[in-house]
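Taking it in order: structure first as structure tokens, then the write-up.
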Number of protein chains: 2
Amino acid sequence: MVSERSEAGEPTTGEASDRVYAELLARISEGEFAAGERLYEQALAHDLGVSRTPVRDALKRLAAEGLVDTTPNKGAQVISFTAEDAATLYELRAQFEPVACRLSVPRLVEADLAELEDLDARMQAIVAGGHDAAELTGLNNAFHAVFVERCGNRHLSIALQALFRPAVVTRTFREYSPRSLERSMQAHQQLVEAARAGDGEWAEAVMRAHILSTRHATHHD
Amino acid sequence: MVSERSEAGEPTTGEASDRVYAELLARISEGEFAAGERLYEQALAHDLGVSRTPVRDALKRLAAEGLVDTTPNKGAQVISFTAEDAATLYELRAQFEPVACRLSVPRLVEADLAELEDLDARMQAIVAGGHDAAELTGLNNAFHAVFVERCGNRHLSIALQALFRPAVVTRTFREYSPRSLERSMQAHQQLVEAARAGDGEWAEAVMRAHILSTRHATHHD
DNA sequence: ATCTGCAAGATTGCATGCAACCAACGAAGG
DNA sequence: CCTTCGTTGGTTGCATGCAATCTTGCAGAT
């Protein structure tokens, strides 16, 4: 039968450990840590009100996911992309995320659909309002993560997340034109529609167009 | 039980965490741990001659890579596949590993080529000799890992490893027919040739054929 | 003035202690 | 006899202490 809502690719270890992991991931996503910045265990531990142990755990997890670089006796620092790496990741994303879309859409349940609609609505509200780039990026990542997490195979989820998560450091929406932004929002709405219709191929096509469009819109060079 | 690492030649050279990780990965690959078996930190620590801390680190790393399942206050246990999951992973592997091959072959340096040849030679020696399935599987994984690790993008490597590494629990060579084994060896030789020639497309084609052939040769039931 | 060597501070990695939590077993009651 | 609850042993998660290593700054020599 169907199981409870277990999130694929998110190994829950403890309690403080997960909190620290989520917090660090959020801070990296929001650009609170500069690329290449070194992350000191003691400072983070004191800042988050825990000891160094859960901080170490979280950093190791981030390292395994490729979001921070660690060197033997020097600790962790946020990854820094070359422009070429970023471009490559975009290519890979354009290739694989639509596939994840096609696989996941037929498996989405009502809660997932509701979450997609909620995220879409909140993004539209932000676009209509103050354009808070950080929060918008977070919601966008959550939106895309739904398809990845529900693609039906846990290891595929992990693999895709390894490809997509590093993109968070690029702070996607920072340099968007209003026109591209509007187009992205429409793509999201269409994705919600396709998901509600259970049409994986439609969703795949929309997602592919969405990503390729985004690639040209963010062209920073 | 094995006791080859009971005496540590290097007392303070650090990297105990990595050593434990490699050891656990090897043991899982060699089938020394049954699928679903629970891994106790204290027991592993005592067995490996270290404290629980590096063992915990290694287990968290394995969890992030999807090789062990962890539940909040129950610790880690080796993943167990459904037949469907295994089949899906094989599909994905057949789709993606040849691509990694094509990307990596033009980037291989002399040391990589030498390693491929060495691994190939050792596998042939084992096939000619005692057919030690465990060691053969290890060498085979190392052989395939070369292409994944040299594919040119670190995050793609991480993603592909997330897809391929879980397959190690299936103990690939255990139920191979001598004929299929011979064919695999020939494929490896051809891969070495293609790699030496720097021909990524050739290598890609050989790898795809190799994997698809393997899929039929192994009977997962 | 620049480079080299050293020494002190700082940081990571490992070991250990302690509390919370879970699982299993046994006893008491229906 | 079966069910239920309390107890006990064991395991994980977190905090802390300590040694090894790296970094930084300065003094001295060339």
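Below, chain A is the first sequence line, B the second, and so on; all start at residue 1. Reckoned from all heavy atoms, side chains included, excluding hydrogens, waters and symmetry mates. Since we're looking at a predicted model, the values are computed, not measured.
- In this structure, the CG atom of A:D57 is 13 Å from the C1' atom of C:dG13, given to the nearest Å.
- Atom CD of A:E110 is surrounded by more than 12 heavy atoms from other residues, nucleotides or ligands within 6.0 Å.
- Applying the salt bridge (charged side-chain N to carboxylate O under 4.0 Å, His left out) test to every pair with at least one member in residues 154-168 of chain B, sequence neighbours left out, gives these pairs: A:D69-B:R154, B:E65-B:R165.
- Proximity note for A:E41 (side chain, C-beta onward) versus C:dT12, C:dT16, D:dG13: the nearest is C:dT12.
- Atom pair B:H46:NE2 and C:dT16:C1' shows a separation of 15 Å (rounding to whole Å applied).
- Taking atom CG of residue A:L44 and atom P of nucleotide D:dC14, one finds them 16 Å apart after rounding to whole Å.
- We find that B:R208 and B:E204 are joined by a salt bridge, their nearest charged nitrogen and carboxylate oxygen being less than 4.0 Å apart.
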Inset, instruction - Determine, for nucleotides 19-24 of chain C in 5'-to-3' order, which nucleotides have protein heavy atoms under 4.0 Å from the base (write B), from only the sugar-phosphate (write S), or from neither (write -). - result: --SSS-
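- Residues B:R61 and B:D57 are not paired through a salt bridge, judged by the lack of any N-O separation under 4.0 Å between the basic side chain and the carboxylate.
- At whole-Å resolution of the value, CZ in B:R56 and P in C:dA15 are 14 Å apart.
- Here the nucleotide nearest the side chain of B:T53, chosen from D:dA15, C:dT16, C:dT12, is C:dT16.
- Across all strands, B:L39 comes closer than 4.0 Å only to sugar-phosphate atoms, never to a base (heavy-atom distances).
- The CD-P distance, from A:Q42 to C:dG9, rounds to 17 Å in whole Å.
- Remark: B:F143 pairs with B:F147, B:H188 by the ring pair (Phe, Tyr, Trp, His ring centres under 6.0 Å) rule, at least two apart or across chains.
- Remark: A:R27 engages A:E23 in a salt bridge, criterion side-chain N to carboxylate O under 4.0 Å.
- Straight-line distance from the CD atom of B:E15 to the C1' atom of C:dT12: 11 Å, rounded to whole Å.
- No side-chain N or O of B:N140 forms a donor-acceptor pair with one of B:T137 less than 3.5 Å apart.
- The phosphate of D:dT16 has neither OP1 nor OP2 within less than 4.0 Å of any side-chain N or O from A:R52.
- Between A:V50 and B:Y40, the residue anchored nearer the 5' end of DNA chain D, judged by the nucleotide with its closest heavy atom, is B:Y40.
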